[in-house]
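Below is one structure, written out as structure tokens, with a few remarks after it.
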There are 2 protein chains.
Amino acid sequence: MSNYSKQRESILNIIKKLKTHPTAEEIYMKVKQIDERISRSTVYRNINILVENAEINKISMPVGPDRYDYIDNKHNHVICEKCGKVFDFYYEVPKTLKNEIQRQLSGKISLTESLEINGICYECKSKKEKWEV
Amino acid sequence: MSNYSKQRESILNIIKKLKTHPTAEEIYMKVKQIDERISRSTVYRNINILVENAEINKISMPVGPDRYDYIDNKHNHVICEKCGKVFDFYYEVPKTLKNEIQRQLSGKISLTESLEINGICYECKSKKEKWEV
DNA sequence: CTTAAATTAGGAACTATTCCTAATTTTGTT
DNA sequence: AACAAAATTAGGAATAGTTCCTAATTTAAG
């Protein structure tokens with residue numbers, strides 16, 4: 001746990017506190033307020049280590065940089081296809097869905113529980129309605 | 001439909017033919033075999049237009065460049081978190097899941113049917129088992 | 001045909017991320 | 001505590017993927 005460097009500790013703590021799915025850059029700016037000497041590459045490197053160690057989640061975005069998420073209670077994401085905004089929702093992936101995937105893809109891939117569904121947020125939707133007139 | 005430029009037609013046809021979730025670069029290389037004068041920026045620009053027009057899907061990857069997918073029959077994706085390999089599966093998103101998301105996030109976002117579930121493919125899994133010993 | 005609008009090729013610019021190197025910090029051993 | 005080995009750092013250069021810019025060309029409309 002705590003045989004982590006000071007820098008890695010700070011980075012993990014920031015991500016734990018933020019409930020906003022921050023980008024690497026946002027994390028960097030926040031950590032800088034605590035340790036102004038930290039370098040961007042240290043932040044990126046440690047974020048990757050934390051993902052590798054499954055302490056945080058990476059969320060790949062349809063637009064803009066990746067976002068990160070502390071893994072506490074299991075939750076899933078709905079992501080806006082246009083602007084990339086992320087919404088959390090809480091729901092156990094149904095067994096029937098898991099079974100069906102297993103049936104179709106057995107021997108190829110095994111699931112890791114985390115579910116992402118695409119949508120269009122109402123902000124982007126109302127923008128589009130204006131354009132399309 | 002066909003008040004598209006010659007270049008855009010070629011790009012769409014290539015994506016239709018390929019069942020491999022190609023990257024922009026892969027599409028560019030294929031189109032080049034037909035029209036060797038086409039430029040990379042034309043390929044990128046038209047891919048974005050086709051996504052905007054909902055003729056193709058963009059798949060954001062956990063690793064490496066985005067991939068694209070012709071929208072014929074509805075299908076969803078399971079994506080390897082480590083290497084980004086994409087597997088198709090066919091399944092209607094259950095109504096209970098849709099309803100639950102609607103209940104939790106109503107007024108914020110509306111779904112667009114396309115579902116992405118993360119996993120770890122067996123190739124990456126067997127690699128990891130070797131490391132972890 | 002002529003003019004306007006859209007699209008192109010080609011390359012520069014940009015954004016996000018990784019890689020490199022020498023210096024510093026941490027860990028383990030005695 | 002003193003030392004060597006291993007891990008990590010800061011800082012910046014390099015890379016990958018994508019978008020943007022411009023002048024030239026193509027297509028569409030009157």
Side-chain angles (χ1 to χ4, degrees), chain A residues 1-15 21-53 55-69 79 81-84 86 131, chain B residues 1-15 21-53 55-69 79 81-84 86 131:
Chain A
M1 281 293 116
S2 222
N3 53 0
Y4 273 13
S5 70
K6 233 180 296 176
Q7 289 90 336
R8 193 174 305 161
E9 288 290 358
S10 308
I11 292 165
L12 181 54
N13 283 333
I14 292 290
I15 299 172
H21 315 97
T23 62
E25 187 65 24
E26 286 164 359
I27 295 164
Y28 170 62
M29 295 314 270
K30 281 283 178 189
V31 182
K32 241 189 160 183
Q33 294 175 4
I34 295 166
D35 171 7
E36 64 168 343
R37 295 198 73 278
I38 202 167
S39 82
R40 206 183 308 265
S41 69
T42 297
V43 173
Y44 274 93
R45 186 168 24 77
N46 279 301
I47 286 174
N48 285 344
I49 290 168
L50 291 169
V51 170
E52 191 63 33
N53 294 354
E55 302 204 58
I56 62 173
N57 261 328
K58 181 204 269 208
I59 318 172
S60 312
M61 304 301 294
V63 76
D66 293 340
R67 295 179 169 274
Y68 301 90
D69 197 6
I79 302 175
E81 283 175 358
K82 297 296 166 192
C83 69
V86 182
W131 299 338
Chain B
M1 279 293 116
S2 219
N3 52 0
Y4 274 12
S5 69
K6 232 180 297 176
Q7 288 89 335
R8 193 174 306 161
E9 288 290 359
S10 307
I11 291 165
L12 180 55
N13 283 333
I14 291 293
I15 299 172
H21 315 98
T23 63
E25 187 65 22
E26 285 163 1
I27 295 164
Y28 170 62
M29 295 313 270
K30 280 285 178 186
V31 182
K32 237 184 166 191
Q33 294 175 4
I34 295 166
D35 171 6
E36 64 167 345
R37 294 199 76 276
I38 201 167
S39 82
R40 205 182 308 264
S41 69
T42 297
V43 173
Y44 275 91
R45 185 167 26 76
N46 279 302
I47 286 175
N48 285 344
I49 290 167
L50 291 169
V51 170
E52 192 62 33
N53 294 353
E55 301 205 59
I56 62 173
N57 261 327
K58 181 203 268 207
I59 317 171
S60 312
M61 305 301 294
V63 76
D66 293 340
R67 294 178 170 275
Y68 300 90
D69 196 5
I79 302 177
E81 284 175 357
K82 298 295 166 193
C83 69
V86 181
W131 299 336

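Letters A, B, ... mirror the listed sequences (proteins, then strands); counts begin at 1.
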Quick note, B:S39 side chain, CB onward, closest among C:dT8, D:dT8, C:dA9 is C:dA9

Once side chain to side chain contact (heavy atoms under 4.5 Å, CB included) is applied, do any residues pair with A:K58, and if so which ones, sequence neighbours excluded? A:V51, A:S60, A:D66, A:Y68

If the condition is side chain to side chain donor-acceptor pair (under 3.5 Å), which residues does [X] pass it with, not counting sequence neighbours?
X: A:Q7; value: none
X: A:S39; value: A:S41, A:T42
X: B:N57; value: none
X: A:N53; value: A:Y4

Would you give the length of the straight line joining atom [atom1] of [X] to atom [atom2] of [Y], rounded to the nearest 0.5 angstrom?
X: B:I34; Y: B:K6; atom1: CD1; atom2: NZ; answer: 13.0 Å
X: B:I47; Y: B:E55; atom1: CD1; atom2: CD; answer: 13.0 Å
X: B:D69; Y: B:I56; atom1: CG; atom2: CD1; answer: 8.5 Å
X: A:I27; Y: A:I11; atom1: CD1; atom2: CD1; answer: 8.0 Å
X: B:N46; Y: B:S10; atom1: CG; atom2: OG; answer: 9.5 Å

Salt bridge (Lys or Arg N to Asp or Glu O under 4.0 Å) pairs, two or more places apart, involving residues 26-45 of chain A: A:E25-A:R40, A:E26-A:R67

Rounded distance (Å) that lies between atom [atom2] of [N] and atom [atom1] of [X]:
X: A:E26; N: C:dT15; atom1: CD; atom2: C1'; result: 15 Å
X: B:I47; N: C:dT7; atom1: CD1; atom2: C1'; result: 16 Å
X: B:E9; N: C:dT8; atom1: CD; atom2: P; result: 11 Å
X: A:R67; N: C:dA16; atom1: CZ; atom2: C1'; result: 13 Å
X: A:K32; N: D:dT9; atom1: NZ; atom2: P; result: 15 Å
X: B:N46; N: C:dT8; atom1: CG; atom2: C1'; result: 9 Å
X: A:R37; N: D:dT9; atom1: CZ; atom2: C1'; result: 9 Å
X: A:K6; N: D:dA10; atom1: NZ; atom2: C1'; result: 14 Å

Enumerate the protein-to-nucleotides 3-7 of chain D contacts in which both atoms are nitrogen or oxygen and the separation is below 3.5 Å.
none

The helix from C:dC1-D:dG30 to C:dT30-D:dA1: angle between end helix axes, five pairs per end, rounded to 10 degrees: 40°

Quick check on C:dA9: is either OP1 or OP2 less than 4.0 Å from any side-chain nitrogen or oxygen of B:Q7? yes

For nucleotides 17-24 of chain C, 5' to 3', base contacts (B), sugar-phosphate-only contacts (S) and non-contacts (-) with protein non-hydrogen atoms under 4.0 Å give BBB-----

